[in-house]
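Pasting a structure below so you can have a look.
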Number of protein chains: 2
Amino acid sequence: MKDSYHHGDLKSTLIDAGVKLLSESGMEGLSLRKLAREVGVSHNAPYMHFADKEAVLAAIAEQGFLLLGEAIDAGQLQLSDQSIEARLQAAAQSYVNFALNHPDHLMVMFGKLDSAAYPDLIETAHATFNKLVTIMQVGHQSGTLVDQPAEQLAMLFWTNVHGLSALLIAQKIPEYARQKLTNEAITTWSIQMLLTGILRN
Amino acid sequence: MKDSYHHGDLKSTLIDAGVKLLSESGMEGLSLRKLAREVGVSHNAPYMHFADKEAVLAAIAEQGFLLLGEAIDAGQLQLSDQSIEARLQAAAQSYVNFALNHPDHLMVMFGKLDSAAYPDLIETAHATFNKLVTIMQVGHQSGTLVDQPAEQLAMLFWTNVHGLSALLIAQKIPEYARQKLTNEAITTWSIQMLLTGILRN
DNA sequence: ACCTGAACACCGTTCAAGT
DNA sequence: ACCTGAACACCGTTCAAGT
């Protein structure tokens, strides 16, 4: 706050402030001018480091994928057992938990960004995705998973937990469908169904 | 355009214009003032019919759930066979198809709306959800589905197709995970996995 | 190189006024 | 009741100017 001139790392300071603003005031509360004000800098100092607002959002999104990846890793470290079921259940809880704690951040991460224009964002998102692929590969090695490409299984898992997160955030799940289940219980049940299938066998 | 004064149904005219603007210019292109201009009315005539911009978005979202419901119904009418597999595959294709054709509309539908403030929106969304519940109930009657509440199975299906749609729209699925599969093939494969599970049996 | 202030075209919303 | 125009406080972005 003191030397607003030349304070070294305005770029990452702006990103951090953006993440903070996002969790406080939500998506619509995030403006470039407010961001600059927050950091104590003129309203177009950000343009020294970002082409436009979308570029700032892309950087914030990238930060989100990093945090999500860390959350998944943290969950994998405290497993009760090493089975694929336990791994996937832990990863699912990490994902949904992150989503519910940072709904607006998730929105930016999956918003309409010209992703081709932000290679760093793509790379980080893929790195996070790869954590899921790795889990599926472990499942393959132990012979517990169906014989399908690990990448596709990871994608399937991702679509599941992401869709669940989106519906929980948007509160689009009718109460009569929730049956008093907690978010955690719904997540556990969903993964269980994904593992065993919904067809009677 | 002639008698801009008293043209009868400004409310639904605005909603239709909003849906059109959404598919043409995307989310950021949708402003109340532009909407009014498009319809040929003063920039705050919309306030005669809507409390604020969010209320307009809620109405547009509701229209989206109606269209999505119709798309699902249409898909169910041209089934090759009546099995639960065929029904769910058709519903999934309808959903993903709608999502890819109206990505910004879907975003509004699942955006952050104070859903409690828009009971009509909730009701319409639930009505669309109920179409999925009905399909699951049919599955239960034919004894082909696992013994779990139809509402929860519908929710599981919904999270699947919605998550898949979101990831396809955001282009967050790495090419190496797609394996040259078309969107339709990915959808078919995902539902197949959901039906049979990903655990080796 | 890094930052600022003035300026431009837009926005959502409010309000007094018109028919 | 329905619509309008002026006004306010905010945006994102550009540009000439300052250090």
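Protein chains get the first letters and strands the later ones, always in sequence-line order, with residue 1 at the start of each. Note that the structure is predicted; figures quoted are calculated from it, not measured. Just the heavy atoms: all of them, side chains too, but no hydrogens, waters or symmetry mates, feed the values below.
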- Query: Within the pair A:Tyr47 and D:dT14, is there a side-chain N or O less than 4.0 Å away from OP1 or OP2?
  - Reply: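 For D:dT14, OP1/OP2 do not have a side-chain N/O of A:Tyr47 under 4.0 Å.
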
- Ignoring backbone atoms, test whether B:Ser31 places a side-chain nitrogen or oxygen under 4.0 Å from the OP1 or OP2 oxygen of C:dC11.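 For C:dC11, OP1 or OP2 has a side-chain N or O of B:Ser31 closer than 4.0 Å.
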
- When you look at CD of A:Glu123, are more than 12 heavy atoms from neighbouring residues, nucleotides or ligands closer to it than 6.0 Å?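 Check fails, neighbour count at 12 or below.
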
- Integer-rounded Å distance: C:dC10 P and B:Lys53 NZ: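 Whole-Å distance recorded here is 15 Å.
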
- Which nucleotide in D:dT13, D:dC11, C:dC11 has an atom nearest any side-chain atom of A:Arg37: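 When the side chain of A:Arg37 is considered, D:dC11 is the closest of D:dT13, D:dC11, C:dC11.
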
- Rounded interatomic separation in angstrom, taking NZ from B:Lys34 and P from C:dC11: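 Taking atom P of C:dC11 as the reference, NZ of B:Lys34 is at 6 Å.
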
- Task: Mind checking the CG-CG spacing from B:Leu67 to B:Leu106? Nearest 0.5 Å is all I need.
- Result: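 It comes to 12.0 Å.
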
- Query: Judged by atom type as modelled, is there a donor-acceptor pair below 3.5 Å linking the side chain of B:Lys53 to the main-chain atoms of B:Leu32?
  - Reply: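 Not a single qualifying donor-acceptor pair exists.
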
- Rounded to the nearest angstrom, tell me the gap between atom CG in A:Asp52 and atom C1' in D:dC11.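 Value for this atom pair: 14 Å.
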
- Distance-only side-chain donor-acceptor flag, B:Tyr176 / A:Asn130, under 3.5 Å: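 Side chains of B:Tyr176 and A:Asn130: pair found under 3.5 Å.
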
- Query: In whole Å, what is the span from the CG atom of A:Leu10 to the P atom of C:dA1?
  - Reply: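 Taking atom P of C:dA1 as the reference, CG of A:Leu10 is at 17 Å.
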
- Could you tell me whether a side-chain N or O of B:His140 sits under 3.5 Å from a main-chain N or O of B:Val146, the two making a donor and an acceptor?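 Yes; judged by distance alone, with no hydrogens or angles, the pair exists.
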
- Task: Using the closest heavy atom to pick a nucleotide of DNA chain D for each, name whichever of B:Ser42 or A:Gly29 lands nearer the 5' end.
- Result: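 Going by which nucleotide is closer to the 5' end, it is B:Ser42.
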
- Task: Output the residues of residues 16-26 of chain B in contact with DNA chain D, where contact means a heavy atom of the residue under 4.0 Å from an atom of the strand; sort by number or write none.
- Result: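 Correct list: empty, so none.
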
- Message: I need the CD-C1' distance between A:Glu28 and C:dT13, as an integer number of Å.
- Response: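 Those two atoms, CD and C1', are 16 Å apart.
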
- Query: Dot-bracket for DNA chain C, 5' to 3', with Watson-Crick and G-U pairs under 3.5 Å, [ ] for crossing pairs and | for other-strand pairs: what is it?
  - Reply: ||.|||||...|||||.||

- Item | No-H, no-angle donor-acceptor pair, B:Asn44 side chain to C:dG12 base, under 3.5 Å |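 It does not, because no donor-acceptor pair links the side chain of B:Asn44 to the base of C:dG12 below 3.5 Å.
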
- Item | Value rounded to 0.5 Å, distance of CD1 in A:Ile72 from CZ in A:Phe98 |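 The distance works out to 9.0 Å.
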
- Nearest to side-chain heavy atoms of B:His43, which nucleotide of C:dT4, C:dT13, C:dG5: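 Per side-chain heavy atoms of B:His43, the pick is C:dT13.
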
- How close or far is atom P of D:dT14 from atom CZ of A:Phe50, stated in whole angstroms?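 Spelled out: CZ on A:Phe50 to P on D:dT14 is 16 Å.
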
- Message: Using OP1 and OP2 only, check whether a side-chain N or O of B:Arg33 sits under 4.0 Å from D:dT4.
- Response: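 For D:dT4, neither OP1 nor OP2 has a side-chain N or O of B:Arg33 closer than 4.0 Å.
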
- Message: So, under a plain 3.5 Å distance rule, would you say the side chain of B:His49 forms a donor-acceptor pair with the base of D:dA1?
- Response: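 Check fails, no donor-acceptor contact within cut-off.
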
- Would you say A:Thr124's side chain and A:Phe65's backbone share a donor-acceptor pair under 3.5 angstrom?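 Such a contact is absent between A:Thr124 side chain and A:Phe65 backbone.
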
- Just how far is it from atom CD1 of A:Ile191 to atom OG1 of A:Thr188, taken to the nearest 0.5 Å?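 Separation between the atoms: 8.5 Å.
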
- What distance separates A:Met155 CE from B:Leu167 CG, expressed to the nearest 0.5 Å?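 Nearest 0.5 Å value for the CE-CG distance: 8.5 Å.
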
- Query: What is the distance from CG of B:Leu57 to C1' of C:dC11, rounded to the nearest Å?
  - Reply: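 Roughly 14 Å, once rounded to whole Å.
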
- May I have the distance from A:Met48 (atom CE) to C:dG5 (atom C1'), rounded to whole angstrom?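 Atom CE in A:Met48 sits about 13 Å away from atom C1' in C:dG5.
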
- Message: What I'd like to find out is whether the side chain of B:Leu156 reaches to under 4.5 Å of the side chain of B:Gln148, using heavy atoms alone.
- Response: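 Answer no - side chains too far apart.
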
